[in-house]
> 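Take this structure first; my questions come after.
Letters A, B, ... are given to chains in the order of the sequence lines, protein chains preceding strands, and every chain is numbered from 1. For clarity, every value in this text was computed on a predicted model and none was experimentally measured.
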Amino acid sequence: MSLQIFNTETRQKELFKPIHDNKVGMYVCGVTVYDLCHIGHARVMVVFDTVVRHLRLLGYDVNYVRNITDIDDKIIKRALENGESIQTLTERMVSEMHADEQALNVLRPDMEPKATEYMAEIKGMIQVLVDKGFAYPASNGDVYFKVNSFAEYGRLSGKKLEDLEAGARVEVNAMKQDPLDFVLWKASKADEPAWESNWGEGRPGWHIECSAMSTKCLGNHFDIHGGGMDLSFPHHENEIAQSECATGDHYVNTWMHCGFVRIDDEKMSKSLNNFFTIREVLKVFQPEVIRYFLLASHYRSPVNYSQENLESAKANVGRLYSALQSITPGKPSENTEYQAQFMTVMNDDFNTPKAMALLFELAKEVNKTKDTGLAGLLIKLGNQIGLLEQSPETFFKFQPSDSELTEEMIVQLIEDRKQARADKNFARSDEIRDELGALGVELLDSPQGTSWRRV
RNA sequence: GGCGGAAUAGCAAAGUGGCUAUGCAGUGGAUUGCAAAUCCAUCUACCUCGGUUCGACUCCGGGUUCCGCCUCCA
């Protein structure tokens, strides 16, 4: 077991060694639940799901925590717009998120702490920071973290305080002692949701919830902390500052950040309004195609979302399933080079593209040899990264919601064609093939009869 | 302005100091009533300029281009 993980903090691959025996504590920043999840969220879900699966395969006892931010400005705003309560909105979005996740074959985290359920811990941590002099209440009821009180601020992102101040894109706020100070507790306005605290009515700032919840769930010092690339600064930088100042312990050993999903080479994001929700993509492409697409690039690289690339992913998954179609997979072969290689590449910072290449090599071998053990192995290895869990039949017969051609119609046409062929009426036979072909259905004749697939 | 990342064949995407990545697409062949699937063969690469080296796509330095973060964001 020699897993190497790229650590954002040191910018290099490091040999992974858990803090406590074989137990791994892993925290991933989840979603702010005010809207449906988009493909960028899907990437984080799928990537860290794959990480957890691999860690477990290596024998680690993983405690996977992914938070839910259920109180925040955008949530308040959206609830108001929708004319519904915050709780109704967030509960609905949480269950939508779980549905998307399940579709993508993402296993649920062990814990999903919600900010509103950890108010005591959040307020407790803020109080400690104030007591220790790392934070200060302002006259307006806000509490700020004093950035220059933490000498190592900038450690994760490689930024220097003076450079940040020179950048000067930080909002000017007279309440702050320093423009870079960030809010731990926000005083609430009259009609906003609020929690009682030592500093008056208010709600937590964004960064503090992750510090408080990760510490509560995993302890002061834990193994892996992940999230999207955009969270490394300021969110994760601020988490380090808060947590280490509050607990006095080192916070996290390994920081993992996954790359963005892009649209036309531009970052997909809510603010750019160029996002695709998981929901809408699922109408056209099967969940497994999306999962494949997301894992076909290395997790730290950007991926470009496009119709073309999804089509390509679909063809690729189809090739794997083709290999399994004409064979009854048996007990997976053991001690093969494929299996060893698969482990090796996954141990190399989760090199899923390389792992996929191995699946294709194995598929070719299966096509050639018709070896049932290797077919079983193909399924087994695919399963290790959450793929190849359906039957080839199910995969190939998936009807996208934009297709009106039903299975019954296809089967009927195939019957007609069978008769035409029996009558040696090949003109009619080919006509049917072409008709179906135009509608995205391919016919496959074999001695056992005619099967079909959507392409 | 500061910090960081990336440039690989038609497309996507790994990797390595010398040995076919991989998939899709293309071409030729086997197979098929015709196809599809499959197999065999095959064509397209490593941004640019220097340096190190017997040898660099791979290491080092300069340049160019693109992207991200520095403001909410996965």
> Tell me which residues in residues 89-98 of chain A lie within less than 4.0 Å of RNA chain B, going by non-hydrogen atoms.
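RNA chain B contact set from residues 89-98 of chain A: none.
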> Answer with base, sugar-phosphate or nothing: what part of the nucleic acid does A:Gly228 contact at a heavy-atom distance below 4.0 Å?
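Result for A:Gly228 = sugar-phosphate.
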> Measuring only the C1' atom in each nucleotide, how far is B:A6 from B:C47? A whole number of Å is fine.
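Between the two C1' atoms, the distance is 11 Å.
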> In whole angstrom, what separates A:Asn304's CG from B:A12's P?
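A:Asn304 atom CG is separated from B:A12 atom P by 8 Å.
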> Between A:Glu96 and A:Arg92, is the closest basic N to carboxylate O distance under 4.0 Å?
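No, no charged N to carboxylate O under 4.0 Å.
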> Please tell me which of A:Ala296 and A:Leu231 maps to the more 5' nucleotide of RNA chain B, matching each residue to the nucleotide holding its nearest heavy atom.
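Result of the comparison: A:Ala296.
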> Please give the distance between the C1' atoms of B:C46 and B:G17 as a whole number of Å.
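The same atom, C1', in both gives a distance of 15 Å.
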> Using a heavy-atom cut-off of under 4.0 Å over every strand shown, decide if A:Met45 touches base, sugar-phosphate, or nothing.
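Counting heavy atoms under 4.0 Å across all strands, no contact is made by A:Met45.
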> Using whole Å, report how far OH of A:Tyr305 lies from C1' of B:C67.
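Rounded to the whole Å, the gap is 21 Å.
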> If the C1' atom of B:U64 is compared with that of B:A21, how far apart are they to the nearest Å?
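Those two atoms are separated by 29 Å.
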> Using the C1' atoms only, state how far B:C3 lies from B:C11, rounded to an integer number of Å.
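Roughly 33 Å separates the two C1' atoms.
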> Using the C1' atom as the point on both nucleotides, what is the distance between B:A13 and B:A45, in whole Å?
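Result for the C1' pair: 13 Å, nearest Å.
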> Calculate the interatomic distance between A:Trp452 atom CH2 and B:A35 atom C1'; express it in whole Å.
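In whole Å, B:A35 C1' and A:Trp452 CH2 are 18 Å from each other.
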> Does A:Tyr27 have any ring-ring contact (aromatic ring centres under 6.0 Å, His included) partners at least two apart in sequence or in another chain, and if so, which?
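A:His225.
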> According to ring pair (Phe, Tyr, Trp, His ring centres under 6.0 Å), does anything in residues 290-310 of chain A pair up with another residue at least two apart or in another chain? List the pairs.
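Every ring pair (Phe, Tyr, Trp, His ring centres under 6.0 Å) pair that includes a residue of residues 290-310 of chain A, provided the two are not neighbours, is A:Phe276-A:Tyr305.
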> Using the side-chain heavy atoms of A:Asn309, tell me which of these nucleotides is nearest: B:C11, B:A37, B:C3.
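Selected nucleotide: B:C11.
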> Figure out the CZ/P separation between A:Arg262 and B:A74, and round it to whole Å.
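These atoms are roughly 18 Å apart.
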> Can you build the contact string for nucleotides 16-33 of chain B? Use B for base contact, S for sugar-phosphate-only contact, and - for no protein heavy atom under 4.0 Å.
-----BSSS--------B
> Should A:Arg78 and A:Glu81 count as an ion pair when the cut-off is N to O under 4.0 Å?
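Answer for the salt bridge query: yes.
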> Within 45° of the axis and under 6.0 Å from the centre of the six-membered ring of A:Tyr34, does NZ or CZ of A:Lys77 qualify?
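Not satisfied by the 6.0 Å and 45° rule.
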> Considering residues at least two apart in sequence or located in another chain, which fulfil the ring-ring contact (aromatic ring centres under 6.0 Å, His included) criterion with A:Phe350?
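Only A:His54 meet the ring-ring contact (aromatic ring centres under 6.0 Å, His included) criterion with A:Phe350.
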> If you look at every strand shown and take non-hydrogen atoms under 4.0 Å, does A:Gly30 touch a base, only sugar-phosphate, or nothing?
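Since only primed, P, OP1 and OP2 atoms lie under 4.0 Å of A:Gly30, the category is sugar-phosphate.
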> For A:His257 and B:C67, give me the distance from atom NE2 to atom C1', rounded to whole Å.
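Distance check: A:His257 NE2 to B:C67 C1' gives 18 Å.
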> Not counting sequence neighbours, which residues clear ring-ring contact (aromatic ring centres under 6.0 Å, His included) with A:His257? List them please.
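Partners of A:His257 under the ring-ring contact (aromatic ring centres under 6.0 Å, His included) test: A:His236.
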> Any side-chain hydrogen bond (donor to acceptor under 3.5 Å, both in side chains) involving residues 143-152 of chain A? Give me the pairs, sequence neighbours left out, ordered by first then second residue.
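Those involving residues 143-152 of chain A are A:Asp142-A:Tyr144, A:Tyr144-A:Asn173, A:Glu152-A:Arg155.
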> Please give the distance between the P atoms of B:A36 and B:U20 as a whole number of Å.
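Looking at atom P only, B:A36 and B:U20 are 30 Å apart.
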> What's the closest nucleotide to the side chain of A:Thr32 if the choices are B:C70, B:A14, B:A74?
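My answer, after comparing the listed nucleotides, is B:A74.
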> Distance to the ring centre below 6.0 angstrom and angle to the axis at most 45 degrees; does that hold for A:Arg300 and A:Phe6?
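Yes; both conditions hold, so A:Arg300 lies above the ring face of A:Phe6.
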> With sequence neighbours left out, write down each residue that passes ring-ring contact (aromatic ring centres under 6.0 Å, His included) with A:Phe150, or none if nothing qualifies.
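Listed in chain order: nothing, the list is empty.
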> Please name all residues satisfying salt bridge (charged side-chain N to carboxylate O under 4.0 Å, His left out) with A:Asp100, sequence neighbours left out, ordered by chain then number.
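Checked A:Asp100 against salt bridge (charged side-chain N to carboxylate O under 4.0 Å, His left out); matches are A:Arg279.
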> Rounding to an integer number of angstrom, what distance separates B:C43 and B:A25 when you compare their C1' atoms?
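Between the two C1' atoms, the distance is 12 Å.
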> Salt-bridged, A:Glu431 to A:Arg428, with N to O below 4.0 Å?
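Yes, A:Glu431 and A:Arg428 are salt-bridged.
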> Could you tell me whether the phosphate oxygens of B:A13, OP1 or OP2, come under 4.0 Å of any side-chain nitrogen or oxygen in A:Ser297?
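The answer is yes; a side-chain N or O of A:Ser297 sits under 4.0 Å from OP1 or OP2.
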> Which whole-number value in Å describes the distance from A:Phe395 CZ to B:A37 C1'?
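It is 14 Å, rounded to the nearest whole Å.
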> The side chain of A:Asp163 is closest to which nucleotide in this list: B:A12, B:G2, B:A74?
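Looking only at side-chain atoms, A:Asp163 lies closest to B:G2.
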> Please list all pairs passing the salt bridge (Lys or Arg N to Asp or Glu O under 4.0 Å) test where one or both residues lie in residues 405-418 of chain A, with sequence neighbours left out.
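Residue pairs passing salt bridge (Lys or Arg N to Asp or Glu O under 4.0 Å), neighbours aside: A:Arg417-A:Asp445.
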> Assign the ring pair A:His38 / A:Phe275 to parallel, tilted or perpendicular, where the plane angle (0 to 90°) is split at 30° and 60°.
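Answer is tilted, since the angle falls between 30° and 60°.
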> Can you check the distance between B:A9 and B:U22, where both ends of the measurement are the C1' atom (answer in whole Å)?
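Pairwise C1' distance, B:A9 against B:U22, rounds to 13 Å.
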> Mind checking A:Lys424 for me? I need base, sugar-phosphate or nothing, with any heavy atom below 4.0 Å counting as a touch.
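The answer is nothing, as A:Lys424 stays clear of every strand by at least 4.0 Å.
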> I'd like to know if A:Lys267 and A:Asp230 make a salt bridge, using a cut-off of under 4.0 Å between side-chain N and carboxylate O.
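A salt bridge links A:Lys267 with A:Asp230.
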> For A:Glu442 and B:C34, give me the distance from atom CD to atom P, rounded to whole Å.
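These atoms are roughly 17 Å apart.
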> Under a 4.0 Å heavy-atom cut-off, which of residues 367-388 of chain A touch RNA chain B?
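Listed by number, they are A:Asn367, A:Lys368.
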> For a quick check of understanding: with a heavy-atom distance under 4.0 Å over all strands, which category does A:Ser271 fall into, base, sugar-phosphate or nothing?
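Base contact.
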> Using atom OH of A:Tyr153 as one end and atom C1' of B:C3 as the other, report the distance to the nearest whole Å.
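After rounding, the reported distance stands at 13 Å.
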> Locate the shortest heavy-atom distance separating A:Leu359 from A:Leu378; write the atom from each residue and the value.
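Closest approach of A:Leu359 to A:Leu378: O-CD1, 3.6 Å.
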> Identify all stems in which RNA chain B takes part, counting only runs of at least 3 consecutive pairs (Watson-Crick or G-U wobble, each distance under 3.5 Å), and give each as one range with another, ordered by first number.
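When the pairs of RNA chain B are grouped into runs of at least three, the stems are B:1-7 with B:64-70, B:10-12 with B:22-24, B:26-30 with B:38-42, B:47-51 with B:59-63.
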> Select base, sugar-phosphate, or nothing to describe what A:Val261 touches, counting heavy atoms under 4.0 Å on all strands.
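It contacts base atoms.
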> Please classify the nucleic acid contact of A:His38 as base, sugar-phosphate, or nothing, using heavy-atom distances under 4.0 Å.
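Base, at least one base atom sits under 4.0 Å.
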